[in-house]
Colleague: 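I'd like to ask you about the structure that follows.
Every chain is numbered from 1, with letters handed out A, B, ... down the list of sequences. Only this structure's heavy atoms are used, side chains among them; waters, hydrogens and symmetry mates stay out. The structure presented is a predicted model; accordingly, all values stated were derived computationally and were not measured.
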Number of protein chains: 2
Amino acid sequence: MSGALKDAAIRVERPAKTLRELALDKVREAIVNGYFRPGDRLVERDLCAQLGVSRTVVREVLRHLESEGLVANLPNKGPIVAQLDIEEAKQIYEIRGALEGMAARLCAERGSPEIVAALEESLTAIRNSYRDQDMAGVLANTSSFYQTLFTMVDRHVAWGVVNLLTVRINHLRSMTIKTERRGIEGPAQMSKIVDAIRRGDGEGAQRAAMDHVAAASAIAEAVLSAQKPAE
Amino acid sequence: MSGALKDAAIRVERPAKTLRELALDKVREAIVNGYFRPGDRLVERDLCAQLGVSRTVVREVLRHLESEGLVANLPNKGPIVAQLDIEEAKQIYEIRGALEGMAARLCAERGSPEIVAALEESLTAIRNSYRDQDMAGVLANTSSFYQTLFTMVDRHVAWGVVNLLTVRINHLRSMTIKTERRGIEGPAQMSKIVDAIRRGDGEGAQRAAMDHVAAASAIAEAVLSAQKPAE
DNA sequence: AATCGTATTATGGCCTACCAAATACTGTAG
DNA sequence: CTACAGTATTTGGTAGGCCATAATACGATT
């Protein structure tokens with residue numbers, strides 16, 4: 001047993017979060033869960049007041065969210081919450097399909113039982129959340145399912161990309177999840193991914209992952225085009 | 001001919017670039033082409049002096065580059081130019097393979113002659129740049145080859161992702177390009193992509209695109225592991 | 001001489017205050 | 001009722017200052 005390990009255990013992990021990071025999380029949260037709606041203006045000084053921080057911080061936060069694609073900047077008019085158009089959403093789902101498919105294939109090819117176990121754990125958590133109508137839980141556990149898919153084969157960069165894209169369609173996700181029958185089909189499709197991984201069937205795992213995203217995309221498209229005319 | 005088109009032609013495309021954007025480009029440039037080396041500290045006040053702008057602007061720029069992955073922020077020590085480790089580089093190449101493969105397949109399935117023509121034009125430009133030993137030209141034209149690949153099938157989001165990732169490995173690209181034989185093999189591989197697209201062979205186009213990236217990745221890995229011990 | 005505590009410096013994080021320019025709003029005169 | 005001038009709002013950008021922390025240098029103590 002090494003001193004290094006002991007050190008790691010002892011190390012005081014400070015919250016160390018800067019004010020900026022806290023503010024960033026708050027605003028991102030607020031956008032993602034709909035407190036700020038797409039198209040809403042984000043007036044710097046108002047945000048200062050609401051967050052209780054200075055303009056310096058608010059501006060950095062807005063810049064950051066802009067580069068994440070959550071905020072759009074109209075020249076000389078200021079930042080607004082980005083609108084999600086249907087075409088962009090479809091492309092995001094497509095990219096997720098490509099990357100999650102890749103990760104699933106890699107998991108299958110690795111053929112490690114721990115991966116299967118971890119995925120199944122997430123899957124169970126998802127099913128439980130559906131059963132309890134806990135939609136926030138569904139989202140969180142789905143996210144962790146995919147996180148294992150990527151990180152078990154050490155694809156942190158790809159996971160980062162998927163995460164970045166996912167926040168942009170987050171409110172879509174929460175709508176697709178509530179869809180009739182999704183509580184049954186979703187987990188079933190994800191289960192197919194796990195099955196293929198267990199069999200070591202890379203091709204099948206990839207296809208199953210892509211199918212799952214494609215299904216989500218189709219639902220999202222339906223939801224989005226149904227709501228667009230209403231506005 | 002429509003008034004709309006005329007307007008578009010006349011429209012004064014304003015420089016309208018905010019100071020912040022100009023500064024962003026400058027600093028990104030400086031990092032990408034090696035004026036700032038990986039690991040270098042980026043001291044805010046020094047940058048202010050060098051760029052001739054205020055700290056506010058510099059900080060926003062640093063935030064932006066941080067979210068692009070070009071700058072890393074050490075807590076309590078400040079921003080430095082991000083180090084590119086070999087593992088991360090490989091993952092970036094892998095992602096590019098997945099996305100460029102996808103785009104190539106879509107191009108092939110679309111089967112439009114304009115796509116082939118546009119790609120061939122870029123390819124010729126690349127060959128010419130190689131012939132003239134114009135390495136900057138090679139990079140630019142390679143970039144435009146892939147840009148057509150994505151944008152001809154309207155995959156702007158994926159192109160954005162690829163672009164984002166590519167800046168992080170830009171100096172690697174310029175090293176792989178200079179490699180012996182790359183001037184022959186590179187265009188040859190890209191030519192295979194175009195051939196498959198012309199045949200409408202989606203599967204083949206995807207494979208060819210992935211092969212090309214894989215080759216670049218292998219060279220990059222060799223370059224990187226050869227230079228790492230030297231430092 | 002080795003160690004320990006203390007001042008100094010460099011720097012990031014954060015704040016306030018200010019100005020210029022563009023935009024949106026409003027009230028008034030014709 | 002319209003046109004126009006003036007006003008408020010808001011962003012883009014600047015200047016400068018305060019505080020906390022980390023590193024370094026320096027000096028004192030044993």
Colleague: With sequence neighbours excluded, what pairs up with R28(B) under the side chain to side chain donor-acceptor pair (under 3.5 Å) test?
Modeller: D25(B), E68(B)
Colleague: Shorter than 3.5 Å, N or O on both sides, protein versus nucleotides 8-10 of chain C: list them out with atom names.
Modeller:
none

Colleague: Suppose we screen for salt bridge (Lys or Arg N to Asp or Glu O under 4.0 Å). Which residues come up paired with E87(B), at least two apart in sequence or across chains?
Modeller: none
Colleague: Could you tell me the separation between the CZ atom of R20(B) and the P atom of dG13(D), rounded to a whole number of Å?
Modeller: 6 Å
Colleague: Among residues at least two apart in sequence or on other chains, which ones pass side chain to side chain contact (heavy atoms under 4.5 Å, CB included) with A215(A)?
Modeller: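 Testing A215(A) for side chain to side chain contact (heavy atoms under 4.5 Å, CB included), a comparison that skips the adjacent residues, returns R182(A), Q189(A).
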Colleague: Which is true for R45(B) with a 4.0 Å heavy-atom rule: it touches a base, it touches only sugar-phosphate, or it touches nothing?
Modeller: base
Colleague: Main chain of S129(B), side chain of D132(B): is a donor-acceptor contact present, judged purely on distance under 3.5 Å?
Modeller: no
Colleague: What pairs meet the salt bridge (Lys or Arg N to Asp or Glu O under 4.0 Å) rule with one or both residues in residues 70-79 of chain A, with sequence neighbours excluded?
Modeller: none
Colleague: Report the residues that fulfil side chain to side chain donor-acceptor pair (under 3.5 Å) with T56(B), sequence neighbours left out, ordered by chain and then residue number.
Modeller: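 Side chain to side chain donor-acceptor pair (under 3.5 Å) check on T56(B) returns nothing, list empty.
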Colleague: Heavy atoms within less than 4.0 Å of DNA chain C: which residues of residues 51-66 of chain B have one? Give them sorted by number.
Modeller: R55(B), R59(B), R63(B)
Colleague: Taking only residues two or more places apart in sequence or in another chain, which ones pass side chain to side chain contact (heavy atoms under 4.5 Å, CB included) with T142(A)?
Modeller: I126(A), V138(A), Y146(A), R173(A), M190(A)
Colleague: dT11(C) P sits how many Å from D40(B) CG, rounded?
Modeller: 14 Å
Colleague: Which residues satisfy the ring-ring contact (aromatic ring centres under 6.0 Å, His included) test with F150(A), sequence neighbours excluded?
Modeller: W159(A)
Colleague: Suppose we screen for side chain to side chain donor-acceptor pair (under 3.5 Å). Which residues come up paired with S122(A), at least two apart in sequence or across chains?
Modeller: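 Scan of S122(A) (side chain to side chain donor-acceptor pair (under 3.5 Å), adjacent residues dropped) gives S144(A).
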Colleague: Using C1' atoms of five pairs at each end, report the bend of the helix from dA1(C)-dT30(D) to dG30(C)-dC1(D) rounded to 10 degrees.
Modeller: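 Comparing the axis at each end, I get an angle of 10°.
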Colleague: Can you sort out the partners of R20(A) under side chain to side chain donor-acceptor pair (under 3.5 Å), two or more places apart, ordered by chain and number?
Modeller: none
